[in-house]
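Let me begin by presenting the structure, written as structure tokens, before commenting on it.
Keep in mind the model is a prediction, meaning the values are calculated, not measured. Quick note on labels: first sequence line is chain A, next is B, and so on, each numbered from 1.
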2 protein chains.
Amino acid sequence: MGYALDSIDTKILAMLQNNSNRTTKSIAEALGMTTSPVFERIKKLEKEGYIKKYVAVLDNKKIGLKLTVFIGITLQGHTRSYLEKFVKEINNFPEIIECHRVSGNFDYLLKLVVEDIEAYETFIISKLTLLPYLGNVQSLITLSTGKETNEIDLSRI
Amino acid sequence: MGYALDSIDTKILAMLQNNSNRTTKSIAEALGMTTSPVFERIKKLEKEGYIKKYVAVLDNKKIGLKLTVFIGITLQGHTRSYLEKFVKEINNFPEIIECHRVSGNFDYLLKLVVEDIEAYETFIISKLTLLPYLGNVQSLITLSTGKETNEIDLSRI
DNA sequence: ATTTTAACAGAATAATTTTCTTTAATAATT
DNA sequence: AATTATTAAAGAAAATTATTCTGTTAAAAT
């Protein structure tokens with residue numbers, strides 16, 4: 001795979017995962033190094049794809065999107081071409097932020113973020129149920145969220 | 001709620017959501033403005049909490065965490081104190097990156113990221129099933145992911 | 001033992017962030 | 001309607017950071 005991470009790399013990743021606006025200077029100080037090697041390591045981590053991107057995490061509720069819903073879906077047919085079409089359609093719905101093909105009691109698990117229950121119902125009626133080959137659809141409405149992050153614990157790798 | 005977003009704010013948020021390392025200068029140019037008002041708006045969006053944090057998004061697979069699993073859980077008792085304890089316990093497991101209390105066929109939906117099926121099994125056996133009051137546990141193993149993002153479509157607010 | 005390579009330190013430069021002052025436009029008050 | 005506050009923006013200056021470059025050291029390879 002071309003490149004192995006050492007403990008300095010994982011520490012850098014851990015810090016940038018937690019706050020990507022942290023300066024290389026501050027990271028370097030935390031590691032007892034100077035800025036140049038830290039800078040070079042970060043660039044390498046970006047180039048090699050360990051760091052995919054840098055993003056601002058917004059407060060969905062404050063923006064007016066107060067409801068997160070998970071939807072488990074089974075399809076009636078499983079032909080390859082249809083599965084691909086399904087995923088493609090799904091990607092056009094701006095409400096959907098995750099779409100996983102899963103094994104277990106569903107074929108797909110979706111995660112979506114909408115304004116409220118009403119917007120959710122509109123989505124179901126005027127978008128989701130229009131898709132063909134749809135089998136069972138089961139919604140899990142989020143009541144509260146104890147934890148929701150992208151941050152991976154890197155102490156275990 | 002103290003502050004209403006105008007169209008310039010949402011454009012800034014959209015850009016930072018997509019790439020938080022984009023310079024204020026570049027954002028300002030895209031908006032036909034100078035850097036200072038854009039800078040001030042960003043600081044305001046941070047201060048007011050619309051922007052929660054800035055993070056580096058890592059490639060989990062490259063780091064060796066190749067498996068994402070969703071777990072639906074029902075509990076046998078629903079006393080408030082126990083629910084709180086459950087969430088607290090869950091937060092101590094580094095594998096778990098999301099924990100939602102939901103309505104529907106489960107009480108909780110968890111999302112976790114682990115190395116592989118073996119690590120997943122270890123988690124189930126030596127961590128999850130040790131929790132008391134556990135009822136039904138149903139796992140959805142991710143086979144492939146069509147979409148997985150935090151980026152909210154802001155054109156609809 | 002010699003060469004090569006990779007990682008780091010330190011300094012210099014380029015670019016960006018951040019602060020400050022001034023101006024224009026809008027809203028509020030009398 | 002005139003005047004006064006407020007707010008948002010522009011522009012310039014200062015401070016900090018990112019980025020590049022050069023030289024050095026240590027480790028790895030030959």
Side-chain angles (χ1 to χ4, degrees), chain A residues 1-59 61-64 150-152 154-157, chain B residues 1-59 61-64 150-152 154-157:
Chain A
M1 283 259 276
Y3 181 60
L5 301 179
D6 65 12
S7 80
I8 297 175
D9 290 321
T10 57
K11 281 171 192 159
I12 291 173
L13 289 177
M15 291 189 231
L16 290 177
Q17 238 192 151
N18 183 256
N19 174 17
S20 62
N21 274 7
R22 188 164 178 178
T23 63
T24 60
K25 190 182 167 188
S26 155
I27 294 172
E29 279 167 6
L31 296 170
M33 300 169 71
T34 57
T35 67
S36 20
V38 172
F39 177 81
E40 282 162 11
R41 278 170 180 269
I42 292 172
K43 289 302 152 193
K44 191 166 184 178
L45 291 167
E46 293 168 1
K47 194 178 180 183
E48 300 277 339
Y50 290 95
I51 297 171
K52 290 203 283 191
K53 61 189 316 198
Y54 297 97
V55 305
V57 179
L58 307 188
D59 186 324
K61 285 187 185 167
K62 274 210 135 171
I63 288 167
N150 227 6
E151 196 174 342
I152 299 295
L154 295 177
S155 64
R156 56 190 162 127
I157 66 167
Chain B
M1 282 257 275
Y3 182 58
L5 301 179
D6 65 13
S7 80
I8 296 176
D9 290 321
T10 57
K11 281 171 192 160
I12 291 173
L13 289 176
M15 290 188 234
L16 290 177
Q17 238 191 151
N18 183 257
N19 174 17
S20 62
N21 273 6
R22 188 164 177 179
T23 63
T24 60
K25 190 182 168 189
S26 155
I27 294 172
E29 278 167 6
L31 296 171
M33 299 168 73
T34 57
T35 68
S36 20
V38 172
F39 176 81
E40 281 163 12
R41 278 171 180 267
I42 292 172
K43 288 301 152 193
K44 191 166 184 177
L45 291 167
E46 292 168 1
K47 193 177 179 183
E48 300 278 339
Y50 290 95
I51 297 171
K52 291 204 281 189
K53 61 190 314 197
Y54 297 97
V55 305
V57 179
L58 308 187
D59 187 324
K61 285 188 185 168
K62 274 208 135 171
I63 288 167
N150 229 3
E151 197 175 342
I152 300 294
L154 296 177
S155 64
R156 58 192 161 125
I157 66 167

- Nearest atoms (heavy-atom pairs only) where Ser20(B) meets Val55(A): OG-N, 3.2 Å

- Query: Between atom NZ in Lys25(B) and atom C1' in dG11(D), what is the gap in whole Å?
  - Reply: 14 Å

- Item | Gap between atoms NZ and P, on Lys43(A) and dA18(D) respectively (whole Å) | 9 Å

- Item | Distance, rounded to the nearest Å, where Arg41(B) contributes CZ and dT7(D) contributes C1' | 11 Å

- Message: Within this structure, what is the NZ-CG distance for the pair Lys44(A) and Leu5(A), rounded to the nearest 0.5 Å?
- Response: 10.0 Å

- Task: Return yes if some donor-acceptor pair links the side-chain N/O of Asn18(B) with the main-chain N/O of Met15(B) below 3.5 Å, else return no.
- Result: no

- Five-pair end axes of the helix from dA1(C)-dT30(D) to dT30(C)-dA1(D) and the angle they enclose, rounded to 10°: 30°

- Item | Residue pair Ala56(A) / Ile51(B): nearest heavy atoms and the distance that separates them | CB-CG2, 4.2 Å

- Can you pull the contact range of chain B along DNA chain C, 5' to 3', using atoms under 4.0 angstrom from its heavy atoms? dT16(C) to dT19(C)

- Message: Rounded to whole Å, how long is the line connecting atom CD of Glu40(A) with atom C1' of dT19(D)?
- Response: 10 Å

- 4.5 Å side-chain heavy-atom contact, Leu58(B) and Leu45(A): no

- Message: What is the separation between atom CE on Met33(B) and atom C1' on dT7(D), rounded to the nearest whole Å?
- Response: 12 Å

- Could you tell me which non-hydrogen atom of Arg22(A) sits nearest to which non-hydrogen atom of Ala30(A), and how far apart they are? NH2-CB, 3.6 Å

- Figure out the CZ/C1' separation between Phe39(B) and dT7(D), and round it to whole Å. 18 Å

- Report which part of the nucleic acid Thr34(B) touches: base, sugar-phosphate, or nothing (heavy-atom distance under 4.0 Å, all strands). base

- Are any non-hydrogen side-chain atoms of Ile27(A) and Leu16(A) less than 4.5 angstrom apart? yes

- Item | Between dA8(D) (P) and Ile8(B) (CD1): distance, integer Å | 10 Å

- Query: Taking C-beta and beyond as the side chain, do Glu46(A) and Lys43(A) meet within less than 4.5 Å on heavy atoms?
  - Reply: yes

- Task: Grab the CG-P distance between Leu31(B) and dA9(D) for me, whole Å please.
- Result: 10 Å

- Are any of the side-chain heavy atoms of Lys53(A) and Asn19(B) separated by less than 4.5 Å? no

- Query: With distance as the sole criterion, do the side chain of Ser36(B) and the base of dA10(D) form a donor-acceptor contact below 3.5 Å?
  - Reply: yes

